[in-house]
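Note that the structure is a prediction, hence the values are computed from the model and not measured. Numbering of ligands and ligand atoms starts at 1, following listing order. We use all heavy atoms of the structure for the numbers below, so side chains are in, but hydrogens, waters and symmetry mates are not. FYI, the numbering just counts along the sequence from 1.
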Amino acid sequence: MKVLLIGGGGREHALAWKILKSPRVEKLCCAPGNDGIAALTECVPIKAMDIEGIVSYAKGESFDMVVVAPDDPLGAGLVDALQDAGVRAFGPNKAAAAIESSKVFSKNLMKKYNIPTAAYEVFDSSDEALDYLSKISYPVAVKADGLALGKGVVLAQNYVEATRAVRDMMSDKVFGSAGDRIVVEEFLTGPEVSILAFTDGKTLVPMVSSQDHKRALDNDKGLNTGGMGTFSPSRLYTEELNDYCTRHIFMPTVEAMNKEGRKFKGILYFGLMLTADGPKVLEYNARFGDPETQVVLPHLKTDIIDIFDAIIDERLDEVKIEWENKAAVCVILASGGYPQKYRTGYEITGISEAEKDPSVMVFHAGTKLDSGKYYTAGGRVLGVTAVADSIDNARKTAYAAVDKISFEGKHFRTDIGIKK
Ligand code: AMP
Ligand code: GLY
């Protein structure tokens with residue numbers, strides 16, 4: 001069959017690698033893809049948010065399935081547009097993707113259906129928000145309602161920081177209309193675990209657990225980023241915890257979405273915080289996480305196209321999903337300065353040396369190929385992933401590979417895979 005994958009980051013590189021392992025796939029095309037993905041398979045220069053362009057290309061080229069990976073096109077209704085045009089599409093529709101694209105929607109959903117999460121208030125006027133901030137204790141989390149590239153959350157330590165966040169979001173519109181409404185949330189503490197799950201709106205199958213590292217610097221210091229590295233599985237996420245989350249968080253979420261008339265079919269991502277009062281939902285995503293996907297998919301034994309097919313047809317209960325009993329670590333190599341200003345266009349050397357080890361995979365997030373050489377082309381540049389029998393061994397292998405890769409300003413965390 002012919003598959004079209006939408007997106008162009010490290011997550012899509014990992015997805016492309018996994019989709020190509022399916023014996024059912026004769027042709028995989030990625031829009032827009034990136035120059036790492038282009039080394040595996042064909043990429044077409046259609047942007048992920050060019051809904052009309054993607055629909056007409058998918059129809060014209062008779063793709064059998066379109067897999068939509070990123071949040072923006074899901075939130076904008078690409079799956080609906082494809083289905084309306086008679087194209088088989090994998091991913092939640094726009095109504096279901098609201099679980100990620102609107103924090104206000106997701107918080108109200110959790111409240112209504114008693115799904116454990118931080119206490120919160122919603123504001124659509126900055127005056128009311130500022131008044132509220134003068135009455136509460138700190139720290140708090142201030143969140144823009146809409147999609148903001150993972151940067152719409154400010155953990156404010158005090159009144160001054162919180163009011164600055166509200167002004168940035170609501171008055172100065174640094175995230176555009178995403179900041180028209182905001183959520184002010186109780187500050188929670190505890191380790192964070194990411195659970196990605198396959199669901200067809202009836203059955204939900206959690207994938208192996210993983211942990212992300214959102215801050216730019218070692219020991220969770222520095223600014224929030226799109227993710228500086230991951231490992232899988234989490235050492236904290238036990239069978240017992242999985243049973244608890246399935247009963248109190250995962251299935252209640254699937255059922256809540258059904259009751260709201262927003263059946264969720266696709267990948268449902270639970271960002272959990274393991275607090276002293278039990279696990280609570282920090283955020284939902286309507287898609288595979290990045291860079292969680294890079295450490296989760298290497299464990300998946302089952303043909304991913306069989307799973308996607310079953311989800312589209314709502315027969316996920318018929319598929320036996322199997323995992324390797326392995327561990328994986330992904331270290332992100334970023335441009336110096338990320339997540340703030342950084343320069344691009346520096347030559348990258350050593351990728352093929354790093355990949356000589358068969359347990360290493362280098363997923364490209366932001367690179368450009370020119371005359372046979374790769375150059376940096378984004379904030380997150382590469383995700384160096386290693387698979388081994390334990391996290392400690394995967395960590396050693398990943399960092400040995402990281403040492404072989406060079407570019408000017410190369411920035412990475414040295415502590416991925418250490419924390420409990
Ligand atoms: P989010 O995009 O909602 O996952 O938030 C980004 C990061 O901010 C999370 O991964 C947490 O580390 C942190 N965070 C979000 N909400 C809270 C909260 N209520 N309390 C403490 N930390 C939070
Ligand atoms: N790694 C977090 C996310 O994909 O949103």
Practice problem: Quick one: sort the Tyr284 and Phe270 rings into parallel, tilted or perpendicular, breaks at 30° and 60°. | Solution: perpendicular
Practice problem: Before signing off on this row, confirm whether Glu283 and ligand 2 have an N or O atom pair separated by under 3.5 Å. | Solution: no
Quiz item: Looking only at N/O atoms, are Asp290 and ligand 2 under 3.5 Å apart anywhere?
Solution: yes
Determine, considering heavy atoms only, which of [options] sits nearest to [atom].
| atom | options | value |
| --- | --- | --- |
| atom 5 (O) of ligand 2 | His213, Arg287, Glu292 | Arg287 |
| atom 1 (P) of ligand 1 | Arg215, Glu186, Glu283, Lys280 | Glu283 |
| atom 5 (O) of ligand 1 | Leu272, Val153, Asp220, Asp212 | Val153 |

Quiz prompt | For ligand 1, the portion of Leu155 having any non-hydrogen atom under 4.0 Å away | solution = side chain
Practice problem: Answer yes if the ring centres of His411 and Tyr342 are under 6.0 angstrom apart, and no otherwise. | Solution: no
Quiz item: If you count the atoms of ligand 2 from 1 in the order shown, which ones are under 4.0 Å from a heavy atom of Asp212?
Solution: 1 (N), 2 (C)
Exercise. Check each atom of ligand 2 against the heavy atoms of Gly289 and keep those under 4.0 Å away; list them by number with element.
Key: 4 (O)
Exercise. Carefully, step by step, assess Phe175 and Met169 under the rule side chain to side chain contact (heavy atoms under 4.5 Å, CB included).
Key: CA-CA 6 Å; Phe175 304 121; Met169 288 177 193; 3.9 Å; yes
Quiz item: Taking atom CG of Leu272 and atom CZ of Phe250, what is their separation to the nearest 0.5 Å?
Solution: 5.5 Å
Self-check item: Tyr269 near ligand 2 by a heavy-atom separation under 4.0 Å
Solution: yes
Quiz item: Is any side-chain heavy atom of Met361 less than 4.5 Å from a side-chain heavy atom of Trp17?
Solution: yes
Quiz item: Looking just at side-chain N and O atoms, do His299 and Ser232 make a donor-acceptor pair shorter than 3.5 Å?
Solution: yes
